[in-house]
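None of the values given here were measured: they were computed from a predicted structure.
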Amino acid sequence: MPNELAIEATGLRKRYGRKLALDGLSLEVRRGEAFGLLGPNGAGKSTCLKLLLGLARPTAGTARLLGRPAGDVEARRRVGFLPEHFHFYDWLSGAELLELHGRLYGMEAGQLRRRVPELLERVGLETQGKKPLREYSKGMQQRVGLAQALLHEPELVFLDEPTSGLDPLGRRLVRDVIREQRARGAAVFLNSHLLGEVEVSCDRVAFVRAGRILATRDLHAQPAGAVRVRVRAAGAPAGFWQRYGAAPAADSAPAREVELAGEGEIPKLARALVEAGAAVYEITPVAASLEEEFLRVIGPEAAEGAGA
């Protein structure tokens with residue numbers, strides 16, 4: 001039975017001369033999970049990626065991919081990677097590029113005859129496969145780069161800024177592809193400056209600053225403690241909302257957000273509204289956005305000019 005962890009990193013440190021790029025970073029990513037690494041520029045995200053892929057050696061600590069040491073040839077055969085800054089041979093066509101990478105992956109000719117047109121169609125380039133890459137737009141190059149990362153059906157996919165240069169349709173394509181990889185049991189490790197994309201694509205995220213992980217967040221879990229809820233109700237008596245710190249509004253069924261001590265207070269609020277004679281249209285928990293959480297954990301000063 002394969003190890004359920006796709007990535008295991010323990011105490012990773014990386015020093016470049018006097019600069020400490022990573023300072024004891026540890027993380028785990030499960031198979032079938034999409035995991036996002038978030039932090040300001042210079043936080044150590046790119047260094048972490050290099051160490052996990054075996055492109056650089058750690059000063060201290062260990063990393064394992066798919067149960068094998070990072071950099072192990074057998075592990076690399078099972079990994080797909082879309083770098084942020086890629087430079088493909090622009091005299092090749094899209095199909096030729098995928099065939100070249102397929103041979104580098106060790107794929108057989110029969111596999112390539114099936115997978116190349118399949119992947120070109122999946123990324124919306126089925127009619128562009130014979131064109132040289134020099135004629136591709138930035139978005140088209142990003143799409144073919146995504147295709148090469150998925151060509152050999154890897155068990156672990158690293159995507160570094162995968163939506164760079166893509167229009168809304170392209171960004172939706174990336175989200176769908178991430179969902180498909182998770183569904184077939186592959187793990188996805190995502191770096192992106194677009195917090196909205198991370199929020200809708202990932203299961204968990206880690207916040208990193210100065211080479212250390214400050215916190216992790218399960219994006220599907222309701223945080224413990226106080227909760228905010230959006231309420232639409234009409235006909236509550238004067239003064240009702242004051243106990244919740246919300247001012248009355250003039251609309252017939254105004255929407256307002258109030259903070260409660262915990263999830264257990266939500267049904268109590270509903271009962272109180274009904275008993276007060278109000279018509280209740282909506283009571284919905286409102287989770288803090290990933291941007292709000294990013295600013296809270298990283299700090300507004302460190303986040304200035306930063307991306308994910």
Side-chain angles (χ1 to χ4, degrees), residues 5-29 33-73 75-76 79-88 138 142 145 149 156-165 187-199 201-202 204-217 290-308:
L5 292 178
I7 300 175
E8 304 170 76
T10 305
L12 285 181
R13 290 172 60 88
K14 181 62 177 178
R15 185 179 291 278
Y16 296 100
R18 295 183 178 181
K19 177 178 174 57
L20 185 61
L22 282 187
D23 185 15
L25 183 144
S26 299
L27 59 83
E28 294 181 347
V29 179
E33 176 180 47
F35 183 91
L37 192 63
L38 308 178
N41 294 327
K45 303 187 301 299
S46 295
T47 299
C48 176
L49 201 62
K50 290 176 183 177
L51 298 186
L52 293 177
L53 287 165
L55 301 177
R57 293 181 180 274
T59 305
T62 61
R64 297 178 67 82
L65 302 186
L66 305 169
R68 304 181 71 91
D72 179 83
V73 173
R76 285 183 174 185
V79 170
F81 177 38
L82 173 62
E84 178 182 5
H85 302 294
F86 52 80
H87 299 282
F88 297 135
K138 168 62 176 173
Q142 195 75 11
L156 171 60
V157 185
F158 288 91
L159 301 177
D160 196 2
E161 299 295 344
T163 55
S164 176
V188 179
F189 189 95
L190 178 65
N191 271 350
S192 176
H193 281 77
L194 300 178
L195 293 178
E197 293 298 317
V198 174
E199 191 163 21
S201 299
C202 290
R204 287 190 304 131
V205 296
F207 300 93
V208 59
R209 187 181 67 189
R212 306 188 73 175
I213 288 181
L214 302 181
T216 59
R217 175 178 168 186
L290 190 56
E291 181 177 0
E292 292 172 321
E293 189 76 359
F294 181 84
L295 293 172
R296 184 186 70 80
V297 174
I298 298 298
E301 292 183 0
E304 284 184 8

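Of the inter-residue distances, the one linking R217 atom CZ with F294 atom CZ reads 13.0 Å to the nearest 0.5 angstrom. Interatomic distance, L66 CG to L5 CG, rounded to the nearest 0.5 Å: 10.0 Å. Atom CG of N191 and atom CG of L37 lie 5.5 Å apart (nearest 0.5 Å). Going from atom CG of L295 over to atom CD1 of I298 covers 9.0 Å, rounded to the nearest 0.5 Å. Rounding to the nearest 0.5 Å places CD of E199 at 10.0 Å from CG of L38. Residue L190 holds its CG atom at 8.0 Å from CD of E161, rounded to the nearest 0.5 Å.
Residues passing the salt bridge (Lys or Arg N to Asp or Glu O under 4.0 Å) test with E292, sequence neighbours excluded: R228. Here R76 pairs with nothing under the salt bridge (Lys or Arg N to Asp or Glu O under 4.0 Å) rule; sequence neighbours left out. Not counting sequence neighbours, S46 has no partner by the side-chain contact (heavy atoms from CB on, under 4.5 Å) test. For E293, the side-chain hydrogen bond (donor to acceptor under 3.5 Å, both in side chains) partners at least two apart in sequence or on another chain are R296. When the ring pair (Phe, Tyr, Trp, His ring centres under 6.0 Å) test is applied to F189, the partners found at least two apart in sequence or on another chain are F35, F158. Listed by chain and residue number, D72 satisfy the side-chain hydrogen bond (donor to acceptor under 3.5 Å, both in side chains) test with R68 (two or more places apart in sequence, or in another chain).
In this structure, the side chain of E8 does not engage the main chain of E28 through any donor-acceptor pair within 3.5 Å. Side-chain N or O atoms of K45 include none that pairs as donor or acceptor with a backbone N or O of G211 at under 3.5 Å. A donor-acceptor pair is defined here as one N or O able to donate and one able to accept, closer than 3.5 Å; such a pair exists between the side chain of Q142 and the backbone of P162.
The two residues H193 and N41 have their closest heavy-atom pair at NE2-OD1, 3.3 Å. Considering all non-hydrogen atoms of both residues, P69 and A75 come closest at O-CB, 4.4 Å.
Between V205 and L290, some side-chain heavy-atom pair lies under the 4.5 Å cut-off. For the pair S192 and T163, the minimum side-chain heavy-atom distance is below 4.5 Å. Considering only heavy atoms from C-beta on, F81 comes within 4.5 Å of L49 through its side chain. L25 is listed as a side-chain neighbour of C48, based on a closest heavy-atom distance under 4.5 Å. Within the 4.5 Å cutoff, the side chain of L159 has heavy atoms near those of the V188 side chain.
Identified under the ring-ring contact (aromatic ring centres under 6.0 Å, His included) test for residues 49-69, with sequence neighbours left out: none.
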Side-chain donor/acceptor pairs under 3.5 Å, residues 10-23, sequence neighbours excluded:
| unit_1 | atom_1 | unit_2 | atom_2 | d |
| --- | --- | --- | --- | --- |
| R13 | NH1 | D23 | OD1 | 2.7 |
| K14 | NZ | R57 | O | 2.7 |
| R15 | NH1 | R18 | O | 3.4 |

